[in-house]
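Throughout, numbering of the chain's residues begins at 1 and tracks the sequence.
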Amino acid sequence: MVSGLYILRLAPFLICSLLLISAGQAKAADRFVDYWTVEEYLEQYPRQQTISKRFIDRVRQGAITDEAIRKPIRIGIIYPGLQVSDYWRRSVTSLEARLQEIAPNYELVSHFTTPDTAISEQAQNLGQFLRQKVDYVIFTLNAARHTELIRKVIRQEGVKLILQNITTPLKTFQDQQPFQYVGFDHVIGTEILAQEYIRRTGGEGTYAILYGPRGYVNDMRGGTFLKEMRKHPEMVLKASYYVGFNQEKSYIATKDLLQSQPDLDFIFSSSTDIALGVIQALKEAGKLGEVMTNGWGGGGSELAAIERRELNFTVMRMNDDNGVAMAEAIYLDQIGKSDEVPVVFSGDIRLVDQSMDKAQIGELKNRAFRYSK
């Protein structure tokens, strides 16, 4: 009876695995049909290069107040923050901390959802914010259907849109882009992870990919990883699964992988929650240290797993820079200097692994979590 239930629970993953090998390969080729990379956008709009450089310098510095803002600022946030990853919560914390230093007269209303919350519910939340006459809406994009929601906000008079966790401007908006894109480049981070796997395996090994939910983040992370692996013919993909950003589904999928593919060298994890599910299954199977896996983001739970020698390595975002960037963009806009706000802010990313001592990781923590300690 238990065995039968286990098979039934795994059936959706097995179906996804078969479908995803071909679908994922297609995605690897067409990830940027709808988007500009940061580099492409700066080439398309060269004036943004100088603006971006100055803004990055401003974000890295301590707070500087050019002039006081007395008008109340209203900000609405919709985030998929109901997950183990602390990225979204730290984003709000760092945003508010910087605002308190440079523009304390603000009101912030936040609504956290799960990563798989229906778009219709997100649309209702957006509509509520717009009816409340907020000055800024901070939202994210992870599905093609989000595009129409974003277009409606852009067209709304008196409100400006900041898109979080995306650094690739949508081509469909042409010159009518959101006020700002803010985040850490999924492609750059994933390329760092791919190169680390290639270095550790010598470019020869077997692997599986655990994708998140279908959408933008999945395409940029999973699609990029597959593309990088396909440059090395001796890196053999054995299986692929869509598990959402869900720890339990990742755990179940990994248990199946370890049974069906006992000689795997590594499992690519597309997010924190996925990595933690993989680690749980590896521990139970006694395969920690034998089968590698990675994190994505370098939040508190990932760094703790590295210190316990459970997670092999991750890419760590200098997390709080994203909240600081949004606060600075709002501040500059409020003092009439919106032309000093770049369309894209892409923060720094660093590789972290088990070879680093506590002092090295502590130094990165101090920088990454300077407001959200």
Side-chain angles (χ1 to χ4, degrees), residues 35 41 45 48 51-52 55 58-59 66-81 88 91-100 102-113 117-183 216 322-345:
Y35 307 95
Y41 189 78
Y45 299 91
Q48 286 285 315
I51 297 171
S52 180
F55 187 79
R58 186 180 186 100
V59 168
D66 300 322
E67 59 183 89
I69 299 173
R70 293 178 175 81
K71 173 190 171 186
I73 307 169
R74 305 195 72 203
I75 305 166
I77 294 179
I78 300 174
Y79 273 172
W88 302 100
S91 173
V92 175
T93 299
S94 56
L95 167 67
E96 289 207 78
R98 188 69 157 209
L99 282 174
Q100 287 165 9
I102 60 177
N105 194 9
Y106 72 90
E107 176 187 355
L108 189 147
V109 182
S110 59
H111 182 82
F112 277 14
T113 67
T117 296
I119 290 179
S120 58
E121 181 180 332
Q122 294 173 334
Q124 290 176 359
N125 294 328
L126 276 173
Q128 182 178 358
F129 284 157
L130 295 177
R131 287 191 296 272
Q132 292 175 348
K133 303 295 184 184
V134 296
D135 301 297
Y136 302 90
V137 170
I138 304 175
F139 188 50
T140 190
L141 177 146
N142 196 40
R145 286 177 293 169
H146 282 138
T147 305
E148 282 309 308
L149 292 181
I150 292 165
R151 196 185 305 277
K152 289 178 181 178
V153 178
I154 291 174
R155 291 173 176 171
Q156 187 82 18
E157 188 175 349
V159 62
K160 292 189 176 180
L161 174 67
I162 296 174
L163 282 183
Q164 238 288 29
N165 203 32
I166 171 172
T167 60
T168 51
L170 277 77
K171 294 178 181 178
T172 186
F173 297 141
Q174 294 296 326
D175 294 334
Q176 302 298 315
Q177 293 289 335
F179 179 51
Q180 190 173 51
Y181 296 85
V182 176
Y216 171 81
N322 80 92
V324 173
M326 292 187 291
E328 291 291 344
I330 290 170
Y331 174 76
L332 288 170
D333 186 49
Q334 287 292 309
I335 64 173
K337 295 183 178 181
S338 58
D339 59 342
E340 296 182 15
V341 178
V343 172
V344 182
F345 171 81

Asker: Could you check whether any side-chain N or O of Thr140 sits under 3.5 Å from a backbone N or O of Gln164, counting only pairs where one atom can act as donor and the other as acceptor?
Answerer: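 Present.
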
Asker: Can you list the residues that meet the salt bridge (charged side-chain N to carboxylate O under 4.0 Å, His left out) rule with Asp333, with sequence neighbours excluded?
Answerer: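 Per chain and number, Asp333 pairs via salt bridge (charged side-chain N to carboxylate O under 4.0 Å, His left out) with Lys160.
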
Asker: Could you tell me whether the side chain of Ile330 reaches within less than 4.5 Å of the side chain of Asp135, counting heavy atoms only?
Answerer: no

Asker: Mind listing the closest non-hydrogen atom pair of Pro342 and Ile51 along with its distance?
Answerer: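 Heavy atoms of Pro342 and Ile51 come nearest at N-CG2, 3.6 Å.
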
Asker: Atom CG in Leu170, atom CD1 in Ile154: separation rounded to 0.5 Å?
Answerer: 8.5 Å

Asker: With the side chain counted from C-beta on, respond yes when Pro178 and Phe173 share a heavy-atom pair under 4.5 Å apart, and no when they do not.
Answerer: yes

Asker: Name all residues meeting the side-chain hydrogen bond (donor to acceptor under 3.5 Å, both in side chains) criterion together with Gln156; count only those two or more places apart in sequence or in a different chain, and write none if there are none.
Answerer: none

Asker: So, do Thr167 and Tyr181 sit near enough that their side-chain heavy atoms are less than 4.5 Å apart?
Answerer: no

Asker: How would you list all residue pairs meeting side-chain hydrogen bond (donor to acceptor under 3.5 Å, both in side chains) that involve residues 334-344, not counting sequence neighbours?
Answerer: Tyr136-Gln334

Asker: Verify side-chain contact (heavy atoms from CB on, under 4.5 Å) between Asn105 and Ile69, making sure each step is shown before the conclusion.
Answerer: CA-CA 7 Å; Asn105 194 9; Ile69 299 173; 5.9 Å; no

Asker: Any non-hydrogen side-chain atom of Tyr216 less than 4.5 Å from a side-chain atom of Thr168?
Answerer: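 Of all side-chain heavy-atom pairs linking Thr168 with Tyr216, at least one is under 4.5 Å.
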
Asker: Would you check if Leu95 and Ile77 make a side-chain contact, meaning some heavy-atom pair closer than 4.5 Å?
Answerer: yes

Asker: List the atom of Ser52, the atom of Val344, and the distance in Å for their closest heavy-atom pair.
Answerer: OG-O, 4.2 Å

Asker: Are Trp88 and Asn165 side-chain neighbours, meaning at least one heavy-atom pair lies under 4.5 Å?
Answerer: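 Sidechains of Asn165 and Trp88: in contact.
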
Asker: According to side-chain hydrogen bond (donor to acceptor under 3.5 Å, both in side chains), who are the partners of Gln180, at least two apart in sequence or on a separate chain?
Answerer: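 Here no residue qualifies.
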
Asker: At their closest point, which heavy atom of Ala325 faces which heavy atom of Val59, and how far apart are they?
Answerer: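 Of all heavy-atom pairs spanning Ala325 and Val59, the closest is CA-CG2, 3.8 Å.
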
Asker: Any chance CD of Gln176 has more than 12 other-residue heavy atoms, nucleotides or ligands included, within less than 6.0 Å?
Answerer: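 Result for CD/Gln176: open.
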
Asker: Return the set of residues passing salt bridge (charged side-chain N to carboxylate O under 4.0 Å, His left out) with Asp175 (not counting sequence neighbours), or none when no residue passes.
Answerer: none

Asker: Are side-chain heavy atoms of Arg58 and Leu332 found at a separation under 4.5 Å?
Answerer: yes

Asker: What is the minimum heavy-atom distance between Phe139 and Leu161, and which atoms define it?
Answerer: CB-CD1, 4.1 Å

Asker: side-chain hydrogen bond (donor to acceptor under 3.5 Å, both in side chains) with Arg151: which residues, sequence neighbours excluded?
Answerer: Glu148, Thr172

Asker: Do Val182 and Ile138 have side-chain heavy atoms sitting under 4.5 Å apart?
Answerer: no

Asker: Measure the spacing between CE of Met326 and CZ of Phe345 and express it to the nearest 0.5 Å.
Answerer: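 Answer rounded to 0.5 Å: 10.0 Å.
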
Asker: Could you tell me which non-hydrogen atom of Val343 sits nearest to which non-hydrogen atom of Gln48, and how far apart they are?
Answerer: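 That would be N-OE1, 2.9 Å.
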
Asker: Locate the shortest heavy-atom distance separating Asp66 from Tyr331; write the atom from each residue and the value.
Answerer: N-OH, 2.7 Å

